[in-house]
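We name chains A, B, ... by the order of the sequence lines, and we start the count at 1 in each one. In this text the structure is predicted, and so the values were computed from the model without any measurement.
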Amino acid sequence: MSRLRFETMQERQMDESRPPFRYDARLADEIELRWQDRWEREGTFHSPDPVGALSDGFARVAGRPKFYLLDFFPYPSGIGLHVGHPLGYIGTDVFGRYLRMTGHHVLHPFGFDTFGLPAEQYAIDTGQHPAVTVQHNAAVMRRQLRRLGLGHDGRREILTSDPSFYRWTQWIFLRIFNSWYDPAAGPLGRARPIAELVAEFESGQRPTPDGRPWADLAAGEQRDTIDGHRLAYLAEEIVNWCPGLGTVLADEEVTDEGRSAVGNYPVYRRPLRQWMLRITSYAERLVADLDSLDWPDNVKRLQRNWIGPPGGPYHLRDWLFSRQRYWGEPFPIVYDEADPTRPIALPDEMLPVTLPDMTDFRPVPQDDDSDPVPALARARVGGTPWADVTLDLGDGPRRYRRELNVMPQWAGSCWYYLRYLDPFNDKALVDPPLQRYWMEPIGVDLYVGGVEHAVLHLLYARFFHKVLYDAGVASTPEPFGRLFNQGYILADAFTDARGMYVPAAAVTRRAGGWEYDGQPVTRRAGKMGKSLKNGVSPDDMYDAYGADTLRLYEMAMGPLDGDRAWHTDDIAGVHRFLQRLWRLIVDENTGETRPPAAEPLDPATARLLHQTITTVREDFAALRFNTAIARLIELTAHASRMDAVPRALAEPLVLMVAPLAPHIAEELWQRLGHPASLTYEPFPQADPALAAQASVILPVQVDGKVRFTIEVPASAGQQAIAEALAGHPGYPRDDVARLVIVPGKIVNVVLRRPDPV
RNA sequence: GCGGGCGUGGCGAAAUGGCAUACGCGGCAGGUUUAGGUCCUGUUGGUGGCGACACCGUGGGGGUUCAAAUCCCCCCGCCCGCACCA
């Protein structure tokens, strides 16, 4: 193969020149698996709640400020991860570990969005049931992410397709269905229970649309009036109906010729009766409350543009909330056989409405002029249609017909962050004290994910949250106080003379170009993936370098919010850094811990250490992991030049590396004599007195060009610097028109201009 | 078209008004090694010079300032979003 061919154990044993205890992939693998086991065994990343089922151990962290750290959860792909996927997860893990070491009580949960089209499509493609494939795929991802050493509280993991979860998605739908928006309540209005609207009509406090007394309206008219106010309602909506595929399609799935992109079937624009959510009622609040959020400006702008200009012509339309597919949340709605168009909400006690098991759940092609048939129309339970059900809704057992649409992909992701707070609660969506403890005052303290969800997911989740806020379930007006968009990992792709992609891993760098199999190839930029043959598996990186090196490399590539190009060759740099760090503390020939020197730090080392602590703290706090790594590499290089590393340097260095490369740091920390995990060890504090320079070297410019430098006491002010300058032989004293002195920074000597002739 | 963003060594990048290129890759030289690889040390923007140095240099042009990669204007190039769609 290529440069990505990894050394075998046999080859390693033949290599006698390599020190046996050098930090390499083999040693990293052993260290990492051992610490991952220990973290799991000790529940290192379990975050105790103040009350309830997960409150054990809360006393230990009771005084700490809480921090709710959250990743956009993924849908579990069947293909497995490439190294681009976990970039954001590594970033939040590094940050979470830093927060724990700076005295925060961190909640960092993780879960999977397992309902929806990607999961259903994968199941269809592989001929298996989605309930099976999502479990399998989640297990694959769970293993790959665990191998990265991510510090999640695994007890809180949720899957949106789990009935114990989607029971509450249905419960939220019922809150929406049983609410109406009162624009007169408060400055921008709020949602109120539908029962209060009924009471206002009945008492005459609120006039009916045509002015007749409420009691004079027929029962059906009363129902239609009420239903017309609900935040969830049925309406005729123009959709892309593709009979050939048996489903409605998104605009993107329809070609310019009006046919389906898949299969090239005709697509018809036609009105169909669909569930809608009245998100437009919240438009003004969704715009106004953006001002309170610490979000990237471009995401706020996208949301504002999406919702529309302020003050009335809102373009935003209500949210089409039903799908004709199988793999989604059933609606908790039935229809009376005698009145089949008016929806009836099920009571909370009848939740969850579980999705029936179906062996053939694929959409079925239809005739051109037929209506779409939801997949659930074919579901049968014990020989009878799942749709037909006998229920007692208060007036004795009657026959009803179930709603056959399911909710869209987005439903579960609109509120999952609340369920992490109380995942086992079967009495409530979330226990109010837990909701208040973790969410107040700004909601999730940091939410990290890709910018591709800048509009829809974040807008829909804000809408759900505001409904829950109006209903008194959520106590903050917004779900996500701070948002951060991590960048994407791109990778070089290469094409040969015929324009065909060649495996990027087997391309080698040549002076002035690139070659594959002895032939020159052309480099092209592209997203990492199968089609460009440039995917890199994290498993290969573990085999070649270990997880700590992979983490460090991804964090060192550049700013977390920027796109960056993957270059496997560059990993060697951070791997060498970890090898040097290891060698400071471990004798790579014997495997013995080198006894750290006991003497105090020399002033220059102390100064560098404390300056490094200062900047690394600032960098971590601002998610600038790339520059933090540069400072730590410099400090390690300095330590490498010492005969023996004093404990007072080795320990803070290991602690500062720990958020980035936690496994090797734990191992070294233990070898330095600390039996407990360093997860909750205080992050080093800088001593300003030790960080201070006695003197500084100031560059002296003459007319803007640096000519020489002077050394002055660090505390020197304008006067002292001017005096030091006057004594320097390079100072052009007779021609100075102006002297600009910026203490601690620079001096600029402005010369007199010769008189124009 | 409209809106937004970006442009710095061979490459990823750092510097947000104050010595441009920290840190890493790659390159070059040396050490270790039978050799290659690994590892270690030094060096590495361009041009000129033996050299101390000098000049040029952050896409191009102009401006503000003692001082501009950074702030302003114009131009060029590239990227993203543009409405119910996962």
Side-chain angles (χ1 to χ4, degrees), chain A residues 3 7 11-12 15-19 22 24 75 116-118 121 237-240 248-254 274 276-277 279-280 296-299 301-302 304-308 314-321 323 408-410 451-457 459-460 490 492 509 511-513 523 525 552-553 556-559 562-577 579-580 583 588 615 624 626-634 636-637 640-641 697-709 737-742 744-751:
Chain A
R3 63 198 169 91
E7 189 175 54
E11 283 171 324
R12 177 185 305 282
D15 180 358
E16 297 182 0
S17 66
R18 179 195 292 260
R22 170 161 293 167
D24 58 13
Y75 73 85
L117 258 167
Q121 198 57 48
E237 200 47 33
I238 305 283
V239 297
N240 301 307
V248 295
L249 295 175
D251 285 346
E252 287 76 3
E253 297 168 319
V254 181
Q274 302 284 328
M276 307 294 292
L277 300 189
I279 189 173
T280 51
D297 285 339
N298 63 318
V299 177
R301 191 166 45 241
L302 284 170
R304 286 197 184 94
N305 290 345
W306 187 272
I307 297 167
Y314 282 107
H315 299 141
L316 182 71
R317 295 191 350 202
D318 280 340
W319 179 9
L320 176 72
F321 197 68
R323 301 289 184 269
Q409 168 99 59
W410 307 101
V451 73
E452 77 274 14
H453 292 298
V455 176
L456 292 183
H457 161 60
L459 194 65
Y460 293 152
L490 311 176
D492 287 339
R509 223 188 292 231
R523 184 165 66 123
L552 205 54
Y553 174 60
M557 291 168 85
D563 293 344
R564 71 283 309 278
W566 179 271
H567 293 294
T568 297
D569 287 351
D570 292 356
I571 297 178
V574 288
H575 191 60
R576 278 196 277 265
F577 161 56
Q579 287 180 330
R580 282 199 296 276
R583 206 155 39 228
E588 60 182 9
T615 54
R624 289 192 302 257
N626 54 328
T627 49
I629 290 167
R631 298 290 86 78
L632 292 169
I633 289 174
E634 288 174 321
T636 302
S640 297
R641 287 189 284 269
I697 294 173
L698 294 186
V700 178
Q701 297 180 331
V702 176
D703 277 343
K705 288 179 186 296
V706 176
R707 292 305 181 196
F708 58 94
T709 61
R738 184 177 167 191
L739 196 52
V740 179
I741 297 174
V742 186
K745 295 272 191 179
I746 204 166
V747 174
N748 196 2
V749 182
V750 186
L751 299 181

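Among the protein residues, A:W566 comes within range of no part of the nucleic acid, since none of its heavy atoms lies under 4.0 Å from any strand. Counting any heavy atom pair closer than 4.0 Å across all strands shown, A:R641 reaches no nucleic acid atom.
Straight-line distance from the CZ atom of A:R580 to the C1' atom of B:C23: 10 Å, rounded to whole Å. Remark: P of B:G37 and NE2 of A:H575 are 17 Å apart, rounded to the nearest angstrom. Look at NE2 on A:H567: it is 15 Å from P on B:G10, rounded to the nearest Å. What separates CH2 of A:W319 from P of B:C85 is a distance of 13 Å, to the nearest Å. A:L456 has its CG atom 13 Å from the P atom of B:G81, to the nearest Å. The distance from atom OH of A:Y553 to atom C1' of B:C11 is 10 Å, rounded to the nearest whole Å. Between the CD1 atom of A:I629 and the C1' atom of B:G12 there is a distance of 13 Å, given to the nearest Å. Atom NE2 in A:H315 sits roughly 12 Å away from atom P in B:C84 (whole-Å rounding).
In this structure, the side chain to side chain contact (heavy atoms under 4.5 Å, CB included) partners of A:R576, at least two apart in sequence or on a different chain, are A:A572, A:Q579, A:R580. With sequence neighbours excluded, the residues forming a side-chain hydrogen bond (donor to acceptor under 3.5 Å, both in side chains) with A:W566 are A:T568, listed by chain and number. Scanning for side chain to side chain contact (heavy atoms under 4.5 Å, CB included) contacts around A:P296 gives A:N298, A:V299, A:L483, A:N485, with sequence neighbours left out. Checked against side chain to side chain contact (heavy atoms under 4.5 Å, CB included), A:N748 has the following partners two or more places apart in sequence or in another chain: A:Q701, A:V740. With sequence neighbours excluded, the residues that form a side-chain hydrogen bond (donor to acceptor under 3.5 Å, both in side chains) with A:H575 are A:T549. By the side-chain hydrogen bond (donor to acceptor under 3.5 Å, both in side chains) test, A:N626 pairs with no residue at all, sequence neighbours left out. Applying the ring pair (Phe, Tyr, Trp, His ring centres under 6.0 Å) rule to A:Y460 yields the partners A:W319, A:W410; only residues at least two apart in sequence or on another chain are considered. Qualifying salt bridge (Lys or Arg N to Asp or Glu O under 4.0 Å) partners for A:R564, counting only residues two or more places apart in sequence or in other chains: none. Checked against side chain to side chain contact (heavy atoms under 4.5 Å, CB included), A:L302 has the following partners two or more places apart in sequence or in another chain: A:A454, A:V455.
Dashed line: the shortest gap from a side-chain N or O of A:W306 to OP1 or OP2 of B:C82 is not under 4.0 Å. In this model, the phosphate group of B:G57 is not approached by any side-chain N or O of A:K705 to a distance below 4.0 Å at OP1 or OP2.
The side chain of A:I633 approaches B:C23 more closely than any other nucleotide in the set B:C55, B:C23, B:G26. Closest approach to the A:R22 side chain among B:C39, B:C23, B:C85 is made by B:C39 (side chain taken as heavy atoms from C-beta onward). Between B:A22, B:C39, B:G81, one nucleotide has an atom nearer to the side chain of A:R583 than all others, and that is B:C39.
Nearest-nucleotide assignment on RNA chain B puts the 5′-proximal partner with A:S640, out of A:V451 and A:S640. The residue among A:Q409 and A:G573 whose nearest nucleotide of RNA chain B lies closer to the 5′ end is A:G573.
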- Task: For each nucleotide in nucleotides 13-21 of chain B, reading 5' to 3', give B when a protein heavy atom comes within less than 4.0 Å of its base, S when such contact involves only the sugar-phosphate, and - otherwise.
- Result: SS---BB--
Are any protein N/O atoms closer than 3.5 Å to N/O atoms in nucleotides 1-4 of chain B? If there are, list each pair with its distance.
unit_1, atom_1, unit_2, atom_2, d
B:G4, O2', A:R301, NH2, 2.7

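Nucleotides B:U33 and B:C78, compared at atom C1', are 48 Å apart to the nearest Å.
Residues A:T709 and A:L698 fail the side-chain proximity criterion, which asks for heavy atoms closer than 4.5 Å. Contact annotation: the side chain of A:V700 never approaches that of A:V706 to less than 4.5 Å [non-hydrogen atoms, C-beta and beyond].
When all heavy atoms of A:P699 and A:K745 are compared, the pair lying nearest together is CD-O, 3.4 Å.
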- For RNA chain B, what is the dot-bracket line, given that a base pair needs Watson-Crick (N1 to N3, plus N6-O4 or O6-N4) or G-U wobble (N1-O2 and O6-N3) geometry with both distances under 3.5 Å, and | means paired with another strand? (((((((..(((.....[....)))((((((.......))))))((((....))))..(((((..]....))))))))))))....
